[in-house]
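Just so it is clear, the structure is predicted and the values come from calculations on it, not from any experiment. Quick note on labels: first sequence line is chain A, next is B, and so on, each numbered from 1.
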Amino acid sequence: MALSEQEIVRRDNLRQLQELGINAFPHELVPVTHLTATLKAEYKDEAPELLKDVCIAGRLMAIREAGKAVFAEVQDSSGRLQIYVRRDDICAGEDKTLFDKVLKKLTDIGDYISVSGYMFRTKMGEISLHVTSFTFLSKALRPLPIVKKDKDGNIYDAFNNPELRHRQRYVDLTVNAEIKKTFLMRNKLIRSMRAFFDSHDWLEVETPILHPVHGGASARPFSTHHNALDMGLYLRIANELYLKRLIIGGFDGVYEIGRMFRNEGMSYKHNPEFTSMEIYVAYKDYVWMMAMTEELLAYICTQLHNRTAIEIEGHTIEFGGEYAKMSMFESIEKYTGHDLTGKSEEELRQICRELKIGVDNTMGVGKLVDEIFSAKVEKNLIQPTFITDHPLEMTPLAKKHRSKEGLVERFELFVLGKEIANAYTELNDAIDQRERFEHQLELAKRGDDEAMALDEDFLRAMEYGMPPMSGLGIGIDRLTMLMSNQHSIQEVLFFPQMRPETKNEVTE
RNA sequence: GAUCUUGUAGCUCAGCCGGUAGAGCAUUUGACUUUUAAUCAAAGGGUCUCGGGUUCGAAUCCCGACAGGAUCACCA
């Protein structure tokens, strides 16, 4: 791959540095005393002497030359600070090489440097570091995109090509300071969720990612192979069946925040690997779980936004208090006028045709109801709403409803038309569970390629006795999108999955 | 997987009624010891994603491939 003019210049600058005896990649510890944000916060005009002998390190992100002085900006993890370098300050004697050559010619934007000196405020009012010495820390061989911002906050030449931003997230993070906030918020969301669960003494656990049987969800898995065992394995599509085994083993509450893998299409809301949180608590039912979910989301939202509500897409979403509750059939009746209670498969198919919803022959009762719900109801559920009591057929791991024939005790939480959480009163009758799995096998024979596989060991575990319990799953990426007002899942993943680059950009 | 759409300099974009490329920033050279989208003067930089086709001639029109985005399908 031929080097661009700017890459050649930078390599040549590196060579010249080395010829001057300057190590462009030194080993020594950098005596950093402050973050730039700390310096700005602690600087006081009336007592500037409190901040002398300070040292910062970071990337050089802007240079403004003014003859025998240079203004530049150094960016560290906390932000940017202007530095002011006067030739006579760093080159006291006759030899002006350090200023004229090393700083002005051989140091490029993107290079890492450390500078020390004292803090002051410029004529223009900017808190700055007056440099008395500077050290080269690392040479950048490629030019960074230069994003400029004026004093009104207008951005010029933004680095905004999504392909480049996602493929080269390191560049994105370097030049687009604000995107870091989303990832910090994601981290805070997970930490606050963990803190909430830990405060209830529920145990965080880790379960296998390599599964001999793919179960716990309806999705197509990735396949892999273990050489020594010479056996096929799947990357997990869900961890539900393992977490339940742990409750069977005697824990009161277990949760796992981890990566799931589904071999399906990609879109602005689907990545092949995504992070889910699943929690199971013994002796609880789905009614209890609804209340717990309300508390959890109110807590998380408060941790992130200092209030229980968020503003998004022109709506104020309120996570405090009790959420609206509707059974799935009630919601369908509300938005389509059709009462599906007791309807046969053929009748449902007819309703789908009336509503102009595409159906095919592999779809059973559960799937047909789900199609109607997805097409007609979901998008209307803006404020947090629990949709409860789904058809038995589409939910093979949930307990039959205590009073409603043909339904299970399940809820899904919808916010802004999107599913955020999914929970059941878990099925703990092993005989019923076996029948449900067998029904899934029939669906699979009919051509439903997402039907669940039968897990013999899971049935065996349940046959030893499983306490009543409720389980909840939350998509962390989706929740982060909601909480951070991001439209695309790629904006909440550091490294979203991309097709391979065709240009041999990476190979040198 | 389907539909629509985009791909031009390191980055952001113009050029697209066909006549072999432009701007701003970045880069190079020079000036400037308080600048901040620094400024001023000058210069260099492109296999116009790739492959075909139409044409005397293609960045531009047509077909295909590759990659991205949006929407849909599926799901979390």
Taking any heavy-atom pair under 4.0 Å as a contact, classify A/D89: base, sugar-phosphate, or nothing. nothing

Identify, residue by residue, the members of residues 61-73 of chain A with a heavy atom below 4.0 Å from RNA chain B, and return them in order of residue number, or none. A/R64, A/E65, A/A66, A/G67, A/K68, A/A69, A/F71

For Watson-Crick and G-U wobble pairs within 3.5 Å on both distances, what is RNA chain B written in dot-bracket notation, | included for inter-strand pairing? (((((((..((((.....[..)))).(((((.......))))).....(((((..]....))))))))))))....

Salt bridge or not between A/D108 and A/K139? Use side-chain N to carboxylate O under 4.0 Å. yes

Of all the nucleotides listed (B/A37, B/C13, B/G24), which has the minimum atom distance to the side chain of A/K151? B/A37

Check: A/R220 side chain, B/C75 base, donor-acceptor under 3.5 Å: no

Using the P atom as the reference point in each nucleotide, state the distance between B/C13 and B/G7 in Å, no decimals. 10 Å

Between B/C63 and B/A21, how far apart are the two P atoms, rounded to whole Å? 26 Å

On a whole-Å scale, what distance lies between the C1' atoms belonging to B/G51 and B/C56? 23 Å

Of all the nucleotides listed (B/G44, B/G68, B/A76), which has the minimum atom distance to the side chain of A/E419? B/A76

B/C61 and B/U54: how far apart are their C1' atoms, nearest whole angstrom? 8 Å

P spacing across the pair B/G44 / B/A23, given as an integer number of angstrom: 11 Å

Name the nucleic acid region contacted by A/N161, choosing base, sugar-phosphate or nothing; use a 4.0 angstrom heavy-atom cut-off, strictly under. sugar-phosphate

Choose from B/U34, B/C13, B/G30 the nucleotide whose nearest atom is closest to any side-chain atom of A/K105. B/G30

Sugar-phosphate, base or nothing in reach of A/H487, heavy atoms under 4.0 Å: sugar-phosphate

Taking RNA chain B as the partner, which of residues 254-277 of chain A come within under 4.0 angstrom of it by heavy atom? A/R262, A/E264, A/S267, A/Y268, A/K269, A/H270, A/N271, A/F274

According to a cutoff of under 5.5 Å between the ring centres and under 30° between the ring planes, does A/Y156 stack with the base of B/G24? no

Is the A/F183 ring parallel, tilted or perpendicular to the A/F494 ring (thresholds 30°, 60°)? parallel

To the side chain of A/E163, which of B/A26, B/U36, B/G68 is closest? B/G68

Return the nearest nucleotide to the side chain of A/K123; candidates are B/A67, B/A26, B/U34. B/U34

Assess whether a salt bridge exists between A/D157 and A/K148, defined as any Lys/Arg side-chain N lying under 4.0 Å from an Asp/Glu carboxylate O. no

Work out how far the C1' atom of B/A38 is from that of B/G24, and round it to whole angstrom. 15 Å

